[in-house]
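Beneath this line is the structure, given in structure tokens, with notes to follow.
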Amino acid sequence: MEESKLRELLNSLSIEEKIGQLIQLSGEFFSAKDISVGPQKKLGITKDAVELCGSVLNVVGAKETHRIQDAYLKGKKHPIPLIFMSDIVYGFRTIYPIPLGLGATWNPDLIQKAYRNTAEEAYASGNQVTFAPMVDLARDARWGRSLESTGEDPYLNSRFAASMVKGLQEDLPKYGLVSCVKHFAAYGAVESGREYNATDMSENRLRQYYLPSYKAAVDAGAKMVMSSFNTLNGVPVTGNKWLLKDILRKEWNFDGVIISDYAAIAELVAHGFAKDNQEASKLALEATVDIDMKSPCYANELKPLVTEGKLDESKIDNAVWRVLKLKNDLGLFEDPYRGSSEELEKKLIMTPEKRELAKKVSTEAMVLLKNENNMLPLDKNKKVALIGPYENEHELLGLWAVHGDRKATVTIEDGFKKYLNSDNLFTSKGTDILRNKSIFRSMGLNSEQIDHVVSSKEIEEKNNEDAIETARKADIIVFAAGEHTIESGEAGSRGNLTLPDNQLELLDKLSKLNKPIILICISGRPLILTDVEPKVSAIIEAWFPGTEGGNALADIIFGKSNPSGRLSMSFPYAVGQLPIYYSQFSTGRSVKTSTHSSRFMSKYIDIPNDPLYSFGYGLSYSKVKYSNLRLSSKELEMTDNLIASIDVTNMSDRNTTEVVQMYIQDKFASVVQPVKSLKGFERVTLNPNETKTVNFEINKKMLSFYGLDNKLTVEPGEFNIFIGPNSDVEDFATFNLK
Ligand code: GLC
């Protein structure tokens, strides 16, 4: 409708109707089956508040959303359609690899297509908004939500943030999904990697490393932002005027809807920031949080705040306007269903084309971390024992695939059967994924349910024996192992990041058979593989690979696909290194340059400084040579640009895709800069023995950083450029910025 009419509508609403538009409740309040995540507890709001609530959390399905919409609109004095929002983070029904795997593709264009497909499935199912992408910078693998991030680098995360937002929103308003970027801001820096914990950093670090990916999402047009659970420098984000008003709204010109995270407004009391729900409501609304997700605050407290003269109703009007505008921009007043229907679901969901794309993404997400003596790809005539708890497991989707269809998952065994037959494929589960009953209990499983997933000691021993017997029949063992899906994702912080003990014990027994072992690692984060690495000949990090995971793994293992994935988050050597990331600072006593004695340098005395596997690292079945690094000039004027070039040669007899990475070091600056910062990359396909020249344009903007005044600046001086296969690259060229 015309905005003038929308303004009239707003002005005609009672305060109760206005407040209703600022509340989000989950499906059970609309007597719907829903997949509501987060703490379930009695909300304590009135029936009227439920009647007027303007948005629904995590209910999907054309039939269900239509039913709720119809019931809601019936008899309303002002029939303002509900808006359905959900966690559709890396797929709707067709599930892609977790975002940490998507980051490992280094292929934002491909991921944009995947997110457009996701939006198509979800809009057909009656959803209008997704709480995605999650663009938090993740540098601490103890944090379970590393799963949802594309990794540790601001530049790479920004590229993916933009592509995901564009993919979700490109078909708006008629189709597509509104992107609600989260969790603003700096949630990935929770202290000790512990979920919901405090974050604390200088404004300089915030602006330089933690804000860029959110900015990229807002610049790409994200229409919503979710405020995060954490405090930032002592102020909870959900009541943080500086972050939400001064930076997000004023500095970045964001005039869209801000929604709190789940119950986060009420949690301002638990933080010790508000003395009660009324004060929490005032603080959040004045920080311009528009929608209260699943807390009683706005529903119960906004009206008394106004009637008691503690809050100006105009602040409520501003929030309601942004919500009404969002609904109007989506055309919901004209079509509350926005074209969703069961017929459309059948037509658009989990189509062969969408599955094919999911397989391609899954294949590109996988990272070959080790391949001793070119053990991989496997010869199809070899006898293979596929052993381990993930060998035929359908749960390859990860914790946040809340609407995924696990029955549709292609398991690893399914994939292997496309290459091997009963003569040369022998399988055995060997052990459970996880046997730590307290972790299952913390997820709310009761004893009976736990007994269903944790075998008895007798069965465990029998499974072990069966695995050993099965392995004896084979030439090669493929060990499909990894962390349990409930060990990662939200509230999945871990202090110990190795494979589960029972899996390590089985691996020990298998390694005594003196047969080559290939490890397939299923995980939602970088695990500590330091003790496992010497026992296996090859390692593939598959993440939670999604609906087509089994097919993608088989295509890589049997050589149909040449792995091209590169890590977007470092794999630590030990948990004591965390947080760890490649773009470290030199310090005054770098082990690489210091002249002090060997002890008195910035290092550990008991473990190396370096991760087991670095950011940007990954192998393929080809050897690629980098040579002839050259610059178009050794001098760069502020107003000019220069070109850095390198030749890459495929030294193998098979096609390969190489992710050529360009890093820059600002050698001297008024605020010290990292020894390397990713500033560009290019995926290059190379035929056998083909050489290509890859060029990167260097300009002033690329060299900018946040100065002492926390404003972007560029300073003349010397810069090193590194171009190589990963962040360990040492060869560089130098230029001078005048
Ligand atoms: C959760 C998560 C957030 C999610 C929201 C709705 O607690 O922090 O990422 O979008 O609640 O489910």
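As the structure is a computational prediction, the values presented were derived from the model and not from experiment. Whatever order the structure lists them in is the order used to number ligands and atoms, beginning at 1.
For ligand 1, the polar-atom distance check against Glu148 finds no nitrogen or oxygen pair separated by under 3.5 Å. Checked against a 3.5 angstrom limit, the closest N/O atoms of Tyr262 and ligand 1 fall outside it. Between Arg145 and ligand 1, an N or O atom pair is found at a separation short of 3.5 Å.
Considering each of Ile259, Val402, Asp261, the one bringing a non-hydrogen atom nearest atom 3 (C) of ligand 1 is Asp261.
Checked options Pro296, Ser295, Cys297; the residue passing with Ile45 is Pro296 (criterion: side-chain contact (heavy atoms from CB on, under 4.5 Å)).
The shortest distance between side-chain heavy atoms of His484 and Ile439 does not fall below 4.5 Å. Residues Lys223 and Ser179 form no side-chain contact, since every pair of their non-hydrogen atoms from C-beta on lies 4.5 Å or further apart. Between Leu177 and Gln169, every side-chain heavy-atom pair lies at or beyond the 4.5 Å cut-off. When side chains are defined from C-beta on, Phe229 counts as touching Glu267, because their heavy atoms get closer than 4.5 Å.
Atoms of ligand 1 lying under 4.0 Å from at least one heavy atom of His183, given by number and element, are 3 (C), 8 (O), 9 (O). Close approach of ligand 1 to Phe229 (heavy-atom distance below 4.0 Å) involves ligand atoms 7 (O), 8 (O). Every atom of ligand 1 is numbered from 1 in the order shown, and the set under 4.0 Å from a heavy atom of Lys182 is 3 (C), 4 (C), 9 (O), 10 (O). In the vicinity of Phe131, heavy-atom distances shorter than 4.0 Å reach the ligand 1 atoms 10 (O). Close contacts of ligand 1 with Asn58, meaning ligand atoms under 4.0 Å from a residue heavy atom, involve 12 (O).
Heavy atoms of Glu490 found under 4.0 angstrom from ligand 1 belong exclusively to the side chain.
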#### Entry: Trace of the salt bridge (charged side-chain N to carboxylate O under 4.0 Å, His left out) decision for Asp171 with Arg116
CA-CA 8 Å; Asp171 293 332; Arg116 183 171 181 273; 2.9 Å; yes

### Message
One pair to check against ring pair (Phe, Tyr, Trp, His ring centres under 6.0 Å): Trp252 and Phe184. What are the steps and the verdict?
### Response
CA-CA 13 Å; Trp252 295 1; Phe184 188 75; 5.7 Å; yes

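Looking only at atom types and distance, the side chain of Asp136 has a donor-acceptor partner in the side chain of Tyr214 under 3.5 Å away.
Judged by the shortest distance from any of its heavy atoms, Lys294 lies outside the 4.0 Å radius around the atoms of ligand 1. Assignment of Met226 to the shell around ligand 1 is supported, since a heavy atom sits closer than 4.0 Å.
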